[in-house]
Amino acid sequence: MKTVERKNYPELGDVNAPYVHAVKYNGTLYISGLTAFGTPAQRGGIAEQAEEIFAQIKKVTAAEGIDFSALIKVTIFITSFDEINTLREVLYRHYGEYLPASSLVEVSRLFAPDLRIEIETVFAL
């Protein structure tokens, strides 16, 4: 039987909802959708919020001893395509040569009105 490990990372703060930061299963790390909620970036544009999210993702990958070369898949939820070119610049900078499979979905809103982006990721371990 394969083990499922549900993990929270103190570096990301407390979880006050019915989820964990990540789940490890069968050599794969699934990171929940992250946002800039509760950070100064929450009041910023999509690029600033995306930078904050990537900083959070890097805290998780550092704790797991992996980097973006292990990135398999991203799913990105945005509230508007108005800043898509700015977002693409941020994505290219963080992915480098390790472009993942990706889905980009426009949604009517996220759980706080000033959030513009949420990113969930999957990494190989």
Side-chain angles (χ1 to χ4, degrees):
M1 184 168 144
K2 302 212 185 258
T3 303
V4 175
E5 184 180 356
R6 292 164 174 80
K7 296 187 72 169
N8 285 315
Y9 299 85
E11 305 92 314
L12 299 185
D14 294 332
V15 173
N16 297 314
Y19 74 94
V20 293
H21 290 132
V23 174
K24 291 169 72 171
Y25 176 73
N26 198 25
T28 307
L29 178 68
Y30 302 87
I31 301 177
S32 292
L34 300 175
T35 69
F37 184 76
T39 72
Q42 182 174 348
R43 293 179 297 281
I46 199 167
E48 189 177 352
Q49 289 188 18
E51 291 289 357
E52 170 59 32
I53 294 166
F54 278 102
Q56 293 174 32
I57 293 168
K58 287 178 180 179
K59 289 176 183 177
V60 173
T61 57
E64 295 298 334
I66 58 175
D67 60 27
F68 272 72
S69 67
L71 181 61
I72 298 171
K73 171 79 168 72
V74 297
T75 304
I76 303 172
F77 304 94
I78 58 175
T79 57
S80 171
F81 274 92
D82 291 345
E83 299 177 84
I84 191 66
N85 291 330
T86 305
L87 175 59
R88 285 183 176 143
E89 291 173 13
V90 173
L91 297 175
Y92 276 122
R93 187 169 50 259
H94 286 281
Y95 297 158
E97 64 184 280
Y98 306 109
L99 299 177
S102 180
S103 299
L104 177 63
V105 181
E106 183 177 20
V107 296
S108 61
R109 67 181 192 172
L110 295 169
F111 68 91
D114 50 358
L115 291 176
R116 298 176 183 208
I117 183 169
E118 181 171 337
I119 302 174
E120 58 184 43
T121 53
V122 179
F123 286 84
L125 293 174

Subject >> Reference residue L29; test side-chain contact (heavy atoms from CB on, under 4.5 Å); the match among T121, L125, I72, V23 >> reply: L125
Shortest non-hydrogen contact from [X] toward [Y]:
X	Y	value
L71	V122	CD1-O, 3.6 Å
A63	E11	CB-OE2, 4.0 Å
L115	T79	O-CG2, 3.7 Å
E83	I46	CB-CG2, 3.2 Å
Q42	A112	NE2-CB, 3.9 Å
H21	Y9	ND1-N, 2.9 Å

Original post:
Please, which pairs that meet salt bridge (Lys or Arg N to Asp or Glu O under 4.0 Å) have at least one residue in residues 58-75, sequence neighbours excluded?
Top reply: K7-E64, K24-E64
Is there a donor-acceptor pair closer than 3.5 Å between any side-chain N or O of [X] and the backbone N or O of [Y]?
X	Y	answer
N8	V20	no
Q49	R116	yes
T35	E118	no

Original post:
Between V74 and L91, is a side-chain contact (heavy atoms from CB on, under 4.5 Å) present by the stated rule, with each step listed?
Top reply: CA-CA 10 Å; V74 297; L91 297 175; over 6 Å; no
Subject >> Short N-O contact, E51 and R93, less than 4.0 angstrom >> reply: yes
Original post:
Taking atom CZ of F77 and atom CD of E120, what is their separation to the nearest 0.5 Å?
Top reply: 4.5 Å
**OP:** Measure the spacing between CD of E52 and CD1 of I119 and express it to the nearest 0.5 Å.
**Re:** 11.0 Å
Original post:
Is the number of heavy atoms from other residues, nucleotides or ligands within 6.0 Å of CZ (F81) greater than 12?
Top reply: yes
Subject >> Co-membership, hydrophobic cluster, residues Y19 and I53, 4.5 Å side-chain >> reply: no
Subject >> Worked check of side-chain contact (heavy atoms from CB on, under 4.5 Å) between K2 and V4 >> reply: CA-CA 7 Å; K2 302 212 185 258; V4 175; over 6 Å; no
**OP:** If the plane angle is over 60° it's perpendicular, under 30° parallel, otherwise tilted; pick one for F54 and Y95.
**Re:** perpendicular
